[in-house]
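Quick notes on the structure that follows.
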Amino acid sequence: MKMLEEKILAEGRAMGEDILKVDSFINHQVDPLLMKQIGEEFAEHFKDKGITKVVTIESSGIAPALMTALALDVPMIILKKQPSKILNDDLYQTVVTSFTKETSYELTLSRKFLDENDHVLIIDDFLANGEAATGAIRLIRSAHATVAGIGILIEKSFQPGRQKLTAQGFEVYALARVAKLGKDLIEFLPEE
Ligand code: 5GP
């Protein structure tokens with residue numbers, strides 16, 4: 001997506017060879033017009049998949065996921081990064097290893113929001129090792145719902161996330177695919 005790539009080139013900052021900082025338009029300050037266009041792009045791409053809900057992981061996925069849900073006219077669900085204090089029968093939970101923070105967190109979904117009739121689109125800001133998306137898939141499957149696809153704003157194609165997910169048969173649609181990061185360098189793969 002040209003608009004996203006241009007924004008990344010103008011405002012994104014490579015933190016070494018691994019991490020791209022996008023806090024002026026995605027992660028901290030949010031660009032509403034860009035999020036609207038992203039939502040419309042995902043909705044257009046996945047419109048014939050019979051999606052009943054959009055699922056994202058708090059917090060950076062919320063803005064684009066909400067815009068996608070709005071364009072598809074379905075609800076959005078936020079998977080919460082919160083540890084359960086007591087074992088709770090009303091929740092599905094799974095542990096995810098965080099790429100940027102090098103820690104683990106518990107991802108939580110209330111049982112009341114997904115069931116076997118749901119066909120879910122997962123939206124997240126970044127795809128690196130695929131841990132967050134894989135955790136989301138585990139929770140969706142715990143609820144006996146199915147995964148329609150995975151929409152990613154920025155895929156770091158030099159990391160194994162896409163390969164892991166497509167090897168399991170999931171469709172990954174990424175709006176910007178970063179081939180290489182370095183000092184003053186952000187290189188993209190051609191658009192999908
Ligand atoms: P994964 O689970 O695929 O390894 O990593 C994806 C998650 O880690 C995303 O939800 C995102 O929050 C975070 N992440 C991974 N790589 C980056 C990065 O280069 N920049 C930022 N800002 N977040 C990242």
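Both backbone and side-chain heavy atoms feed into the values below; hydrogens, waters and symmetry mates do not. Both counts, for ligands and for their atoms, begin at 1 and track the order of listing.
Of the heavy atoms in Ile154, none comes closer than 4.0 Å to ligand 1. Under 4.0 angstrom from ligand 1, there are no non-hydrogen atoms of Val96. Under 4.0 angstrom from ligand 1, the non-hydrogen atoms of Lys156 all belong to its side chain. At a heavy-atom cutoff of 4.0 Å, ligand 1 is contacted by both the backbone and the side chain of Ile19.
When only interatomic distances are considered, the shortest N/O to N/O separation between Ala128 and ligand 1 falls below 3.5 Å. In terms of polar-atom proximity, defined here as any N/O pair under 3.5 Å, Asn129 does make such a contact with ligand 1. For a threshold of 3.5 Å applied to N or O pairs, the pair formed by Leu20 and ligand 1 contains at least one separation below that value. At a 3.5 angstrom cut-off on N or O pairs, Phe126 does not count as close to ligand 1. Any N or O atom pair closer than 3.5 Å counts here, and Ser60 shares no such pair with ligand 1.
Taking hydrophobic clusters as Ile, Leu, Val, Met, Phe, Trp and Tyr residues chained together by side-chain heavy-atom distances below 4.5 Å, Phe158 does not share a cluster with Ile19.
Glu131 and Lys164 are joined by a salt bridge, as a carboxylate oxygen and a charged side-chain nitrogen come within less than 4.0 angstrom of each other.
The atoms of ligand 1 that sit less than 4.0 Å from any heavy atom of Glu131 are 1 (P), 2 (O), 3 (O), 4 (O). In summary, the atoms of ligand 1 found under 4.0 Å from a heavy atom of Ala132, numbered by their order in the structure, are 2 (O).
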Query raised in the report: What do the steps show when you test Glu41 against Leu175 for side chain to side chain contact (heavy atoms under 4.5 Å, CB included), and what is the final call?
Result: CA-CA 9 Å; Glu41 177 64 30; Leu175 301 183; 3.6 Å; yes

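For Gly130, the closest heavy-atom approach to ligand 1 falls below 4.0 Å. Heavy-atom separations between Ile57 and ligand 1 are all 4.0 Å or longer.
His119 and Thr52 form no side-chain donor-acceptor contact under 3.5 Å, judged by distance and modelled atom types alone.
No side-chain heavy atom of Phe42 sits under 4.5 Å from any side-chain heavy atom of Met67.
The hydrophobic cluster containing Ile140, built from Ile/Leu/Val/Met/Phe/Trp/Tyr side-chain heavy atoms closer than 4.5 Å, also comprises Val55, Ile57, Ile77, Leu79, Tyr92, Val96, Tyr105, Leu107, Leu109, Phe113, Leu114, Val120, Ile122, Leu127, Ile137, Leu139, Val147, Ile150, Ile152, Leu165, Phe170, Val172.
Within a 6.0 Å radius of NZ in Lys80, no more than 12 heavy atoms belonging to other residues, nucleotides or ligands are found.
Each of Lys156, Glu155, Gln163 was scored for a side-chain hydrogen bond (donor to acceptor under 3.5 Å, both in side chains) with Gln159, with one residue passing: Lys156.
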